[in-house]
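Below is one structure; the comments refer to it alone.
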Amino acid sequence: MDISLWMEQAVEGEPSEPLQQDIRVDVAIAGGGFSGLWTAYYLKTLAPELDICVLEAQRCGYGASGRNGGWMMAAMEGETRMLAALDDDHRARVAALIHGILPEVEGVLVTHKIDCDYHRGGGIFAAARYPEQASLQRQVLEEYRAVGFGEEDYRWLDADELRSRLCIAGAQGGIYTPHIARIQPARLVLGLVRTLRDMGVRIYEQTPVTGLEPGVMLTAGGRVNASHRVLALEGYSTGLPEVERRVLAVQSRIVATEPLDDDTWDSIGLAQREVFCDGSPLTTYGQRSADNRMVFGARGTYRFGGKPRSQFGAEDTGFEEVERLMRECFPQLRSTAVTHRWGGTLGIPRNGFAHAVYDRATGIGTAGGYFGEGVGASNLMARTLADLVLGRDTELVRSPWAYSGSIDASLRRWEPEPLRWMGYKATDLVRRLEEGVYQREAPGWQKRPVQVVSGWLDRLLT
C-alpha cells in the first residue's frame, strides 16, 4: 500500500525522467507537491521570463499532496489565535486573504481546465458526538465570533439540523462553514503538473534533493545552479539541515470503502457533498468521494527521529483503529467492505502556524507547517512565497505567516530526541484517554482531569 486511492485513480504511465546533468535555472524548487507546484505556478505567472525547475524525489503528488483526505479549506490551523493578535484593520485584511483561498483556486481550475472533482459543498467541523464535545465546539464558535467571523462564515447546527446533514452516531450538534470544498487531490496535482509544463517549467521526477551549497541545489543526477532555491518538502525535510526539525513529521491513516448505493448514502447524509470531521480528540475526518465511497481518516503516529513514511503494509494495526472509528461513527457501514488503505506524512510546526519564509541573503525559501490542512493553505503560502522571492510589496508579504530573513531566525526548531517522541506519545496517550472517558459516559469528576491535561498539552506544544 504505497499509493492512495487518489493516486490509483489519477496516475497514468511512468514518472518522468530524472535530472541527469548539471543545469542552471533562476529558481529551483525541491518538492513536487502542492507547495512546490503552486509556488512554481505563481512565480511563472508573475514573472514569465524566469527559468524554473521542480525536483521531485518520487513522482509529483507521491507525498502528502496525494495522500490526504481530499479537503480544500479556506482556513488555517490556529487562525483564530493568529487573528486575535492583530488590530481590527489588519485582522480584516488577513481574514479576507484566508477566505480568498477557494475563489483563487476556482479561478485557476477554470482558466486551465483542471478537472479534480472539485465541489464546494462546505464542511461540518466538528460534529459533536458527546455533550463535552458540543461544549468545546461552542467555545470554538465563540473564538470565531471574537475575531469577526459572522453567521455566514461559521454557524451552529443543533442536533436535528446536524442529523439532517450528517447522520453520525450520537449527534449533539456542530459547526458548519461554506469555506471548504471537496477535491480529488491527485487530479489537482496532475492538472498543475500539466499546466506548469505548458508554461515552460521543467519538472524532474525521481530526483531527490540531497543537499545545498551556496547557489546550488544538489541531486544524485546533477547540480542545479539557481539564484533562488525553495524547499517545499513539509514533513519530508529530514536530512536537510536548513529545514530539519522545523516541522514535526506525523503520519495519518485513511481508508476508503467500496462505492455505496443511494440507500446507504440516504442513511448517512452528505447530500450536498459536504466534508466532515467529528469532535474526537483522535481527529477523525471524511468525505463522500465523487464515485460515492466513504473516505475516512484519523490521527496517526510519530516515528522516532521524525522520519517520514509513505509505505504502509496490510499488517499495519493502525488501520484497524481507523476502521473501528468509522464504524462507530456510522453503524450503517458495519458490513461495508474497505477497499483502500493508505497513509502519509504531514508536518506540524513548532510555533503552531503555517509559514512562508524567504532569505534574500542566501536565496533560500521554504513553506509548510500545515497540520494536515495544506491542500488549501499551500496555495496561500505559495502566493506569499512568490511575492517574497520577487520582492513585491503586497498584503501577502505583510501577513503574519510571511517572514523575510533566515529560516533560523524565523522558525523555531522542535526539541531534540527523545523529547519529541516522548511529547508526542504523552499527547497521544491523553487523547486516547479523553476519547475513552467520553465513550464510557464517565461522570464529570472523572473526565475533568483528562480534559485539563489535554488542554495543558495543547498550550505547551504551541
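Just so it is clear, the values below take in all heavy atoms, side chains as well, and ignore hydrogens, waters and symmetry mates.
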statement: Rounded to the nearest 0.5 Å, the CD1 atom of Ile114 sits from the CD atom of Glu106 at a distance of 13.0 Å
query: Distance from Leu196 atom CG to Lys44 atom NZ, nearest 0.5 Å?
result: 10.0 Å
field: Close side-chain approach of His340 and Ile254, heavy atoms under 4.5 Å
entry: no
- prompt: Could you walk me through whether Thr238 and Glu244 pass the side chain to side chain contact (heavy atoms under 4.5 Å, CB included) check?
  reply: CA-CA 5 Å; Thr238 302; Glu244 198 164 35; 3.5 Å; yes
Met199 CE: over 12 foreign heavy atoms closer than 6.0 Å: yes
task: Report, as yes or no, whether the 6.0 Å neighbourhood of atom NZ on Lys425 holds more than 12 heavy atoms from other residues, nucleotides or ligands.
output: yes
- prompt: With a 4.5 Å heavy-atom cut-off, do Ile29 and Leu55 have their side chains touching?
  reply: no
message: Is any side-chain heavy atom of Thr264 closer than 4.5 Å to one of Leu333?
response: yes
- prompt: Would you find a donor on one side and an acceptor on the other, under 3.5 Å apart, between the side chain of Arg273 and the backbone of Gly121?
  reply: no
task: Would you check if the side chain of Thr384 reaches a backbone N or O of Leu380 as a donor-acceptor pair within less than 3.5 Å?
output: yes
field: Stepwise side chain to side chain contact (heavy atoms under 4.5 Å, CB included) test for Leu188 and Phe34
entry: CA-CA 9 Å; Leu188 176 55; Phe34 288 132; 3.5 Å; yes
Taking every non-hydrogen atom, the tightest pair across Trp156 and Ala134: CH2-O, 3.8 Å
- request: Apply the test salt bridge (Lys or Arg N to Asp or Glu O under 4.0 Å) to residues Arg155 and Glu161: give CA-CA distance (whole Å), side-chain angles for both, the deciding distance (0.1 Å), then the verdict.
  value: CA-CA 11 Å; Arg155 68 181 181 87; Glu161 189 172 6; 3.0 Å; yes
- request: Might you point out which heavy atoms bring Val54 and Ala40 nearest each other, and give the distance in Å?
  value: CG2-CB, 4.0 Å
- request: For side chain to side chain contact (heavy atoms under 4.5 Å, CB included), just list the numbers for His112 and Tyr41, CA-CA rounded to whole Å, side-chain angles, deciding distance to a tenth of an Å, and then say yes or no.
  value: CA-CA 11 Å; His112 298 287; Tyr41 175 80; 2.9 Å; yes
task: Search all heavy atoms of Leu388 against all heavy atoms of Tyr403 and return the closest pair with its distance.
output: CD1-O, 3.8 Å
- request: Mark yes when over 12 heavy atoms from residues, nucleotides or ligands other than Asp261 sit less than 6.0 Å from its CG; otherwise mark no.
  value: yes
query: Which residue pairs pass the salt bridge (charged side-chain N to carboxylate O under 4.0 Å, His left out) test with at least one member in residues 180-198, sequence neighbours excluded?
result: Asp117-Arg187
message: Is the positively charged end of Arg309 above the ring of Phe312, judged by distance under 6.0 angstrom from the centroid and angle within 45° of the axis?
response: yes
Tyr236 versus Ser310, side-chain donor and acceptor atoms under 3.5 Å: yes
- prompt: Near Glu151 CD, under 6.0 Å, is it more than 12 heavy atoms from other residues, nucleotides or ligands?
  reply: yes
Side chain His119, main chain Gln272, donor-acceptor under 3.5 Å: yes
- prompt: Under the side-chain hydrogen bond (donor to acceptor under 3.5 Å, both in side chains) criterion, do Gln184 and Asp115 qualify, and how do the steps go?
  reply: CA-CA 9 Å; Gln184 210 284 23; Asp115 181 3; over 6 Å; no
field: NZ or CZ of Arg165 within 45° of Tyr176 ring axis and under 6.0 Å
entry: yes
Trp71 side-chain N/O to Gly286 backbone N/O, donor-acceptor pair under 3.5 Å: yes
query: With a 4.5 Å limit on heavy-atom distance, are the side chains of Leu5 and Trp342 in contact?
result: yes
- prompt: So how far is it from Thr284 OG1 to Ile168 CD1, rounded to the nearest 0.5 Å?
  reply: 6.5 Å
message: If you take the centroid of each ring, where Trp contributes its six-membered ring, are Phe276 and Phe330 closer together than 6.0 Å?
response: yes
field: Arg303 (side chain) donor-acceptor with Pro308 (main chain) under 3.5 angstrom
entry: yes
task: State, yes or no, whether a side-chain contact exists between Pro349 and Phe371 at a heavy-atom distance under 4.5 Å.
output: yes
task: Using atom types as modelled and distance alone, determine if a side-chain donor or acceptor of Ser410 lies under 3.5 Å from a backbone N or O of Val357.
output: no
- request: Calculate, to the nearest 0.5 Å, the distance between atoms OG and CD belonging to Ser378 and Glu373 respectively.
  value: 11.5 Å
field: Any side-chain donor near an acceptor of the partner, Glu104 and Tyr42, under 3.5 Å
entry: yes
field: Pairwise distance CG(Asp387) to OH(Tyr358) - rounded to 0.5 angstrom
entry: 13.0 Å
- request: Please test Glu323 against Arg341 for salt bridge (Lys or Arg N to Asp or Glu O under 4.0 Å), starting from the C-alpha separation and ending with a verdict.
  value: CA-CA 10 Å; Glu323 291 183 38; Arg341 300 170 180 86; 2.7 Å; yes
query: With side chains defined as the heavy atoms from C-beta onward, is the minimum distance between Glu77 and Tyr370 less than 4.5 Å?
result: no
statement: Of all heavy-atom pairs linking Ile183 and Gln287, the shortest is O-NE2, 3.5 Å
- prompt: What's the verdict on salt bridge (Lys or Arg N to Asp or Glu O under 4.0 Å) for Glu415 and Arg420, showing C-alpha distance, side-chain angles and the deciding distance?
  reply: CA-CA 6 Å; Glu415 289 74 9; Arg420 298 199 304 275; over 6 Å; no
- request: Can you see which heavy atom on Pro185 is nearest to which on Asn68, and at what distance?
  value: CG-OD1, 3.3 Å
- request: State, without any angle test, whether Ser4 and Trp6 hold a side-chain donor-acceptor pair at a distance under 3.5 Å.
  value: no
field: Side-chain donor-acceptor contact under 3.5 Å, Asp278 with Gln133
entry: no
- request: Would you check if there is a donor-acceptor pair between the side chains of Gln251 and Thr345 at a distance under 3.5 Å?
  value: yes
- request: State whether a side-chain donor-acceptor pair under 3.5 Å links Glu205 with Gln58.
  value: no
- prompt: For residues Thr394 and Arg383, is any side-chain donor paired with an opposing acceptor at under 3.5 Å?
  reply: no
task: Measure the acute angle between the ring planes of His99 and Tyr154, then classify it against the limits of 30° and 60° as parallel, tilted or perpendicular.
output: tilted
message: Let's go through Thr339 and Arg293 carefully: what are the C-alpha distance in whole Å and the side-chain angles of both, what is the deciding distance for side-chain hydrogen bond (donor to acceptor under 3.5 Å, both in side chains) to 0.1 Å, and is it a yes or a no?
response: CA-CA 10 Å; Thr339 59; Arg293 301 171 188 269; 3.0 Å; yes
message: I want to check a possible cation-pi pair here: Arg245 against Trp414, using under 6.0 Å from ring centre and within 45° of the ring axis as the test.
response: no
query: Between the side chain of Asp428 and the main-chain N/O of Tyr424, is any donor-acceptor distance below 3.5 Å?
result: no
statement: Of all heavy-atom pairs linking Ala354 and Met76, the shortest is CB-CE, 4.0 Å
Working for side chain to side chain contact (heavy atoms under 4.5 Å, CB included), residues Val94 and Leu83: CA-CA 8 Å; Val94 170; Leu83 293 169; 3.7 Å; yes
task: Could you walk me through whether Glu320 and Arg324 pass salt bridge (Lys or Arg N to Asp or Glu O under 4.0 Å), step by step?
output: CA-CA 6 Å; Glu320 294 177 3; Arg324 176 184 62 77; over 6 Å; no
Minimum side-chain heavy-atom gap Thr177-Met73 below 4.5 Å: no
Side chains of Leu270 and Trp265 in contact at under 4.5 Å (non-hydrogen atoms): yes
